[in-house]
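Heads up, the thing below is written out as structure tokens.
FYI, the numbering just counts along the sequence from 1.
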Amino acid sequence: MIKRISKALAVIVVILAVSGFASHQYVNYVEKQRSVIALANQPQKVLFFYRDNCPACQSIFHQIYWHNVVSHNIVFINMNQPKNRPYMQKYQLTSVPTLIHGNQRYTGTNQQRIKQMVGD
């Protein structure tokens with residue numbers, strides 16, 4: 001009986017580890033996407049400007065990505081895509097990561113400020 005429970009627990013742990021690794025890899029894949037973003041007037045959306053090779057951006061990307069899985073209120077804009085660069089002037093971007101929501105703006109990696117910006 002105990003052997004059976006131990007085997008079941010071992011299988012569950014392996015499944016959780018593999019699925020955790022796979023989801024981490026998928027988020028990293030999403031982060032590296034360099035899609036061209038066409039922004040319409042989206043006042044309810046949070047604009048997240050980042051670069052996929054920016055360590056500060058990478059440190060918060062997973063948090064913002066998983067928040068968006070639930071809320072669907074974030075537009076991810078990778079500034080390494082040359083066709084997204086006009087947003088630098090339009091939104092007066094001087095560094096990344098930058099979050100913009102309406103007239104609010106935050107540049108940095110402070111977890112509390114990010115939660116305030118994305119609505120947690």
Side-chain angles (χ1 to χ4, degrees):
M1 179 73 164
I2 292 179
K3 273 189 171 182
R4 198 179 258 176
I5 292 172
S6 296
K7 285 181 182 180
L9 286 175
V11 168
I12 291 170
V13 167
V14 169
I15 289 171
L16 289 174
V18 169
S19 62
F21 176 76
S23 67
H24 181 79
Q25 292 301 324
Y26 177 74
V27 175
N28 287 342
Y29 165 79
V30 170
E31 179 182 11
K32 302 296 182 212
Q33 296 301 301
R34 295 187 176 178
S35 303
V36 176
I37 304 298
L39 291 176
N41 187 14
Q42 300 177 337
Q44 287 78 20
K45 298 280 187 177
V46 176
L47 306 179
F48 175 46
F49 296 94
Y50 73 99
R51 287 190 341 261
D52 59 71
N53 59 348
C54 157
C57 302
Q58 292 169 347
S59 74
I60 63 170
F61 191 90
H62 282 249
Q63 172 192 0
I64 294 172
Y65 175 84
W66 288 111
H67 171 85
N68 193 55
V69 166
V70 175
S71 67
H72 305 289
N73 70 335
I74 300 171
V75 178
F76 294 83
I77 304 149
N78 188 340
M79 298 309 291
N80 281 337
Q81 165 53 258
K83 292 184 178 179
N84 291 338
R85 294 206 179 123
Y87 295 127
M88 292 170 67
Q89 183 176 356
K90 180 177 180 176
Y91 291 97
Q92 301 171 348
L93 299 173
T94 56
S95 64
V96 289
T98 296
L99 294 141
I100 297 176
H101 187 216
N103 61 2
Q104 294 182 303
R105 168 188 297 257
Y106 174 68
T107 300
T109 60
N110 180 284
Q111 301 291 323
Q112 287 305 113
R113 290 293 312 274
I114 292 168
K115 286 180 180 181
Q116 291 170 350
M117 289 295 294
V118 299
D120 263 358

What verdict does the side-chain hydrogen bond (donor to acceptor under 3.5 Å, both in side chains) test give for Ser95 and Thr107, after you've listed the backbone C-alpha separation in whole Å, the side-chain angles of each residue and the deciding distance to 0.1 Å? CA-CA 7 Å; Ser95 64; Thr107 300; 4.6 Å; no
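- Remark: Leu47 CG to Ile100 CD1 distance equals 6.0 Å, nearest 0.5 Å.
- Closest of all the heavy-atom pairs between Gln63 and Ile114 is NE2-CG2, 3.7 Å.
- The one candidate from Met88, Gln81, Lys83 that meets the side chain to side chain contact (heavy atoms under 4.5 Å, CB included) condition with Arg85 is Met88.
- Note that the CE atom of Met117 and the CD1 atom of Ile74 stand 10.0 Å from one another [nearest 0.5 Å].
- By the 4.5 Å heavy-atom criterion applied to side chains, Thr98 and Tyr106 are not counted as neighbours.
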Take Asn80 and Asn53 through the test side-chain hydrogen bond (donor to acceptor under 3.5 Å, both in side chains) and record every step on the way to the result. CA-CA 8 Å; Asn80 281 337; Asn53 59 348; 3.0 Å; yes
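- A pairwise comparison of heavy atoms in Thr109 and Ser59 identifies CG2-OG, 3.7 Å as the closest pair.
- With hydrogens and angles disregarded, a donor-acceptor distance shorter than 3.5 Å links the side chain of Gln58 to the backbone of Asp52.
- Taken to the nearest 0.5 Å, the CG atom of Asn84 stands 8.5 Å off from the CZ atom of Phe49.
- The shortest non-hydrogen separation linking Ala56 to Pro97 is CB-CD, 3.8 Å.
- Shortest non-hydrogen contact noted between Arg113 and Asn110 is N-OD1, 2.9 Å.
- Side-chain atoms of His101 never come within 3.5 Å of backbone atoms of Val118 as a donor-acceptor pair (strictly under, hydrogens ignored).
- Of all heavy-atom pairs spanning Tyr87 and Ile77, the tightest one is CD1-CG2, 4.1 Å.
- Atom CD of Gln44 sits about 13.0 Å away from atom OG of Ser71, to the nearest 0.5 Å.
- A donor-acceptor distance shorter than 3.5 angstrom exists from the side chain of Lys45 to the backbone of His72, with no hydrogens or angles considered.
- Ring geometry for Phe61 against Phe48 counts as tilted: the plane angle lies between 30° and 60°, on a 0 to 90° scale.
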Set out, in order, the CA-CA distance, both residues' side-chain angles and the distance that settles side chain to side chain contact (heavy atoms under 4.5 Å, CB included) for Asn68 and Val46, then state yes or no. CA-CA 10 Å; Asn68 193 55; Val46 176; over 6 Å; no
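- At a threshold of 4.5 Å between non-hydrogen side-chain atoms, the residues Trp66 and Val70 do not count as touching.
- The shortest heavy-atom contact between Arg51 and Met79 is CG-CB, 4.0 Å.
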